[in-house]
Each structure stands twice: as structure tokens, then as C-alpha cells.
Amino acid sequence: MNRNKCSQCGLVNAEKDEICRRCGTSLIGEPALEFQGADVKPKRSIVRRIIWVASTTLVVLFAWYISLLASSDPLGEERQKTVEKGVAILDQNGFRREAFVLRNLVTYRQTDNWWNRYIGHHDAYAATNFPFEIVTLYPQFFEKTVDDNERAAILLHEACHLFGAGEDSALKQVWLDKQRLGWTSEKYGSISEAWNHTKQLTRNRFPQFFNCGPAEQPDCFE
């Protein structure tokens, strides 16, 4: 038999009762006890949902990060010192934000992780995995660059990626700021493969940088 529960005092009354036997409160319109909350499932609050989604995302990202490290080799001590020299040059020339990230937040590797191998690269000097702040430095970064100044320019390019910039934005910033690093055609144009490669890539994407003024300068930022 169905029962009516008083909303005031909690007494369970007979179904036919219209007023509570204990306190006299009207029971008309009160739901039957058997059906009260029987089909109602507690709803997960928005805050709990957000926390659940955020926690799951963090777990996935952490697992991804660990897999990237596990599938690649760390940078050796000597090469790490070479990187530190390049970062120091950036710091000395006013790129303090980039230098801070490169010095304190980046994990450097010397071989490709599984993700880099999957997407591939074309004769790159370095590769960055954003937002994991992993920078892979390939042998040519150490062997085909002219000096620490040039390596600083390449690290500046990767620092742009560490902040989420795309390839075009990274190329643009390095070309606009190369004078601050002394990475110019006068010093490197005839001896550096990296300089000429960067120039060609920049020319392909920003031809307006190489044809300006009445004299049609071959480089508008030098």
C-alpha cells in the first residue's frame, strides 16, 4: 500500500489521509513514498564535470609526455653545454623571455620520439613538441652550424614554437630579429648553410621582405 510522508514532520501516513496525523499539515499533493525519488538520479554538478574532464585531460597529456621521453634519447652533457651557450647569447641580446623558457622549462632530446618519427621532418636542425616543451636537436644543429651565434638564432626559432607560434611566425621573428644577434648576410651569407636555408624559406613565405624601397634592396631588414 502506498504511503504519504509528511513534508513537515516526516511521519508516514496512510494513502487515504489528507492531513498529517501528527502535525495536521495537508498531505494533498504530496508524492507517494514509493515513487519519491525512485526514478530520479542525482545529477553530476557542473563543477564536478569540469574537474573530471580536466583530470582526465591531464592524465592523458602526462602519459603522452612520458611516451615522448621514453621513445627518445636525452642530450649528452657536452651538447647540453653547447645549448647553454646559445641560450646565454639570447639572454645577453634581450631575448630574456625566450631564454628563460629555453633554460628552465625545456626538455632537450637528441633523437626523434615516436611522434616526430610519425610526422617526419625535412633536414631540420631542430623540432619542438608543443605544448610539452620538448625540443629535439639533430646532429646538424651541432655539426653544420658556424658558431654559437648561429645556434642561438635556431634556438630563437624553436622558442617561438614553444610559445605556440607556427612555422611562418617563427621564420618571421627570426628574420626580423637576426640583426640583434649579429646573424647577418655579411658574416654568414657566404659560409653558412643554415643562414642560406633560412633565407630561402623566408623568401618563399615573405617575398615582400626582399624587395623594398626604390633601390629594391635584396633584404629589407639588413
Query raised in the report: Linking I/L/V/M/F/W/Y whenever their side-chain heavy atoms sit closer than 4.5 Å, directly or via other members, would Phe130 and Leu105 fall into one cluster?
Result: no
Query raised in the report: To the nearest 0.5 Å, what is the distance between CG (Asp147) and CH2 (Trp183)?
Result: 10.5 Å
Report task. Locate the shortest heavy-atom distance separating Gln208 from Cys212; write the atom from each residue and the value. Result -> O-CB, 4.5 Å
Query raised in the report: Side-chain heavy atoms under 4.5 angstrom apart, residues restricted to Ile, Leu, Val, Met, Phe, Trp, Tyr: same cluster for Val60 and Trp52?
Result: no
Query raised in the report: Where the side chain of Asn196 meets the backbone of Ser192, is there a donor-acceptor pair that is under 3.5 Å apart?
Result: yes
Query raised in the report: Would a hydrophobic clustering, with Ile, Leu, Val, Met, Phe, Trp and Tyr connected at side-chain separations under 4.5 Å, put Leu58 with Leu68?
Result: no
Report task. Supply the atom-to-atom distance Arg97 CZ to Leu162 CG, rounded to the nearest 0.5 angstrom. Result -> 10.5 Å
Query raised in the report: Heavy atoms, side chains only, cut-off 4.5 Å: are Tyr138 and Asp112 in contact?
Result: yes
Query raised in the report: Say you draw a straight line from CD1 of Ile154 to CG of Leu137; how long is it, rounded to the nearest 0.5 Å?
Result: 9.0 Å
Report task. May I ask you to check whether Asn204 and Gln200 show a side-chain donor-acceptor distance below 3.5 Å? Result -> yes
Report task. Anything under 30° is parallel, anything over 60° is perpendicular, the rest tilted; go ahead and classify His197 against Tyr125. Result -> tilted
Requested in this report: Answer yes or no: is there a side-chain heavy-atom contact under 4.5 Å between Asp148 and Thr82?
Outcome: yes
Report task. Quick one: pull up OG in Ser71 and CG in Asn116 and give me the separation to the nearest 0.5 Å. Result -> 8.5 Å
Query - Same apolar cluster (I L V M F W Y, side chains within < 4.5 Å links), Tyr118/Leu61 - result: yes
Query raised in the report: Do Glu167 and Arg205 have side-chain heavy atoms sitting under 4.5 Å apart?
Result: yes
Requested in this report: Report yes if the side chains of Leu69 and Phe132 come closer than 4.5 Å at any heavy-atom pair, otherwise no.
Outcome: no
Query raised in the report: If every non-hydrogen atom of Trp114 is compared with every non-hydrogen atom of Ser67, which pair is closest and at what distance?
Result: NE1-OG, 2.9 Å
Report task. Identify the heavy atoms of Cys160 and Gln173 that sit nearest to each other, and give their distance. Result -> SG-OE1, 3.1 Å
Requested in this report: List the steps, then state whether side-chain contact (heavy atoms from CB on, under 4.5 Å) holds for Val87 with Asp91.
Outcome: CA-CA 6 Å; Val87 174; Asp91 204 358; 5.6 Å; no
Query raised in the report: Residues two or more places apart in sequence or in another chain: which of them pass side chain to side chain contact (heavy atoms under 4.5 Å, CB included) with Arg79?
Result: Leu75, Gln110, Phe142, Glu143
Query raised in the report: Does a donor on one side chain and an acceptor on the other come within less than 3.5 Å for Glu158 and Thr128?
Result: yes
Requested in this report: Answer with yes or no whether the hydrophobic clustering places Val106 together with Tyr65; edges join I, L, V, M, F, W, Y residues whose side-chain heavy atoms lie under 4.5 Å apart.
Outcome: no
Query raised in the report: Under 3.5 Å, side chain of Arg151 to main-chain N/O of Gly86, donor-acceptor pair present?
Result: no
Query raised in the report: Yes or no on side-chain contact (heavy atoms from CB on, under 4.5 Å) for Thr198 and Leu171, after CA distance, side-chain angles and deciding distance?
Result: CA-CA 8 Å; Thr198 301; Leu171 280 171; 4.2 Å; yes
Query - Flag side-chain contact, heavy atom, 4.5 Å: Val146 against Trp195 - result: no
Query raised in the report: Closest heavy-atom contact between Val174 and Ala153?
Result: CG2-O, 3.9 Å
Requested in this report: For Phe210 and Thr202, work out which heavy atoms get closest and say how close.
Outcome: CE1-C, 3.8 Å
Report summary line: Scanning both residues in full, the closest heavy-atom pair of Leu155 with Leu102 reads O-CD1, 3.8 Å
**Report entry** Separation between CH2 of Trp175 and CZ of Phe221, rounded to the nearest 0.5 Å
**Finding:** 10.5 Å
Query raised in the report: Would you say the side chain of Asp219 lies within less than 4.5 Å of the side chain of Lys178, judging by non-hydrogen atoms?
Result: yes
Query raised in the report: Rounded to the nearest 0.5 Å, how far apart are CD1 of Ile134 and CG of Asn129?
Result: 5.5 Å
Query raised in the report: Is Cys20 close enough to Cys9 that their SG atoms are under 2.5 Å apart?
Result: no
Query raised in the report: Are the side chains of Phe95 and Ile89 in touch, meaning some heavy atoms are under 4.5 Å apart?
Result: no
**Report entry** Whether His161 and His157 hold their rings parallel, tilted or perpendicular, with breakpoints at 30° and 60°
**Finding:** perpendicular
Query raised in the report: Going by heavy atoms in the side chains, are Phe62 and Ile66 under 4.5 Å from each other?
Result: yes
